[in-house]
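Below, each value reflects all heavy atoms present in this structure, side chains not excepted, and no hydrogens, waters or symmetry copies. Along the sequence shown, residues carry numbers from 1.
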Amino acid sequence: MTDPQDPVVAKDELREALLFRRRARSTADRAAAADAVTAALLEGLRGVGTLAAFVPDPTEPGAGRLPHGYTELGARVLLPVIPSEGRVLDWAVHTGELEHGRFGLYQPAGPRLGPTALAEADAVVVPALAVDRFGIRLGRGGGYYDRALVHARPDAVLVTVVFDDERIDELPSEVHDRPVRAVVTPSGGWEDLAIHRR
């Protein structure tokens, strides 16, 4: 019998519902969200020297606009490479050329820099299915970013991007969860969550 208070079980159930809702969004809704979150990210990340980000899949906020939109920052942009085995992300510089990687996701085509390259980033845009007022994010459950963020600098700005209805009051959390400092939504723009720490 499973414990209803088990955060792993709670996360799995919520994850399933959120993924279903994302897949049901209209093309027009996704396009409008992509325009809005890209504009907010460019404003909030202005002045960043090195940015680590990701390539949104078609259901994620920013799909179709990111990572190309980051070129307006004039920053060095690192993108993740999912390894053929294991769950430790590698990184490469985004030069504009993307190729298909594991799970059908796009990744940069350039030389691999290793997992510790994330330590060079002044800011990290982290994917999420939801985020709460404390900055706890819900990922897809693979643990890739839980492992990756151990390499992020303590002073790096961690920001996530979600749809408006994916802002949740409080998410189940585990010891390894590293809170983000900001969240970007299509209607709310950039919101600093630092004042909401538990």
Side-chain angles (χ1 to χ4, degrees), residues 2-25 29-30 32-48 51-54 56-57 59-63 65-67 69-70 80 89 118 121-198:
T2 60
D3 177 1
Q5 301 302 315
D6 182 344
V8 176
V9 173
K11 284 182 174 182
D12 284 344
E13 292 173 353
L14 184 56
R15 193 175 281 123
E16 187 177 330
L18 289 165
L19 283 168
F20 178 82
R21 194 161 62 196
R22 275 197 175 177
R23 288 190 288 264
R25 290 185 190 279
D29 185 31
R30 291 178 187 170
D35 289 343
V37 299
T38 299
L41 280 167
L42 293 177
E43 178 65 26
L45 295 169
R46 188 180 297 151
V48 167
L51 171 68
F54 66 99
D57 76 23
T59 68
E60 291 178 303
R65 291 289 313 275
L66 300 173
Y70 295 128
L89 292 177
L118 188 61
D122 304 306
V124 184
V125 182
V126 187
L129 292 172
V131 66
D132 71 13
R133 70 186 191 277
F134 304 110
I136 298 298
R137 54 174 278 280
L138 179 70
R140 290 187 181 240
Y144 289 93
Y145 277 86
D146 293 328
R147 292 174 181 85
L149 290 175
V150 301
H151 300 294
R153 296 197 322 253
D155 66 336
V157 175
L158 305 185
V159 58
T160 196
V161 182
V162 295
F163 291 102
D164 295 332
D165 56 2
E166 294 169 346
R167 286 294 315 280
I168 292 174
D169 186 51
E170 188 168 355
L171 285 166
S173 63
E174 298 174 81
V175 175
H176 62 261
D177 289 328
R178 181 167 170 186
V180 295
R181 284 177 41 192
V183 59
V184 171
T185 57
S187 68
W190 180 291
E191 180 188 353
D192 187 353
L193 299 173
I195 61 170
H196 298 303
R197 291 287 178 260
R198 292 182 194 187

### Residue pair Leu149 / Leu118, side-chain heavy-atom distance below 4.5 Å
yes
### Query
Does Asp132 reach the main-chain N or O of Leu171 with its side chain, forming a donor-acceptor pair under 3.5 Å?
yes
### Task
Taking all non-hydrogen atoms of both residues into account, name the closest pair between Thr160 and Val126 and its distance.
OG1-O, 2.6 Å
### Task
Taking the side chain as every heavy atom from C-beta outward, state whether Leu41 and Arg65 have any atom pair closer than 4.5 Å.
no
#### Entry: Heavy-atom pair of closest approach, residues Lys11 and Ser173
CE-CA, 4.4 Å
### Message
Rounded at 0.5 Å granularity, tell me how far CH2 in Trp190 sits from CG in Leu45.
### Response
4.5 Å
### Task
State, with a plain yes or no, whether a side-chain heavy atom of Arg15 is found less than 4.5 Å away from one of Leu138.
yes
### Query
Would you call Leu14 and Ile168 a side-chain contact if the rule is heavy atoms closer than 4.5 Å?
yes
### Message
A side-chain contact here means heavy atoms from C-beta on lying under 4.5 Å apart; do Phe163 and Arg21 qualify?
### Response
no
### Query
Is the closest side-chain heavy-atom distance between Asp165 and Arg25 below 4.5 Å?
yes
### Message
Given Thr185, which partner from the list Asp164, Val37, Val131, Val161 fulfils the side chain to side chain contact (heavy atoms under 4.5 Å, CB included) test?
### Response
Asp164
### Query
So do Asp146 and Arg178 actually touch side chain to side chain, heavy atoms under 4.5 Å?
no
### Query
Could you walk me through whether Arg22 and Leu129 pass the side chain to side chain contact (heavy atoms under 4.5 Å, CB included) check?
CA-CA 9 Å; Arg22 275 197 175 177; Leu129 292 172; 3.5 Å; yes
## Note on the structure
Taking every heavy atom of Glu166 against every heavy atom of Leu18, the minimum-distance pair comes out as CG-CD2, 4.1 Å
## Note on the structure
Smallest heavy-atom separation, Ala156 atom then Ala121 atom, equals CB-O, 3.7 Å
### Distance-minimising heavy-atom pair for Thr38 and Gly69
CG2-CA, 4.4 Å
### Message
Closer than 4.0 angstrom, basic N to acidic O: yes or no for Asp177 and Arg137?
### Response
no
### Task
Run the salt-bridge test on Asp169 and Arg133 with the 4.0 Å N-O cut-off and return the result as yes or no.
yes
### Message
Measuring from atom CG of Leu66 to atom CZ of Phe54, what distance do you get when rounded to the nearest 0.5 angstrom?
### Response
7.5 Å
#### Entry: Where Pro127 and Glu60 come nearest, the two heavy atoms and their spacing
CB-OE2, 3.9 Å
### Query
With a 4.5 Å heavy-atom cut-off, do Val159 and Val180 have their side chains touching?
no
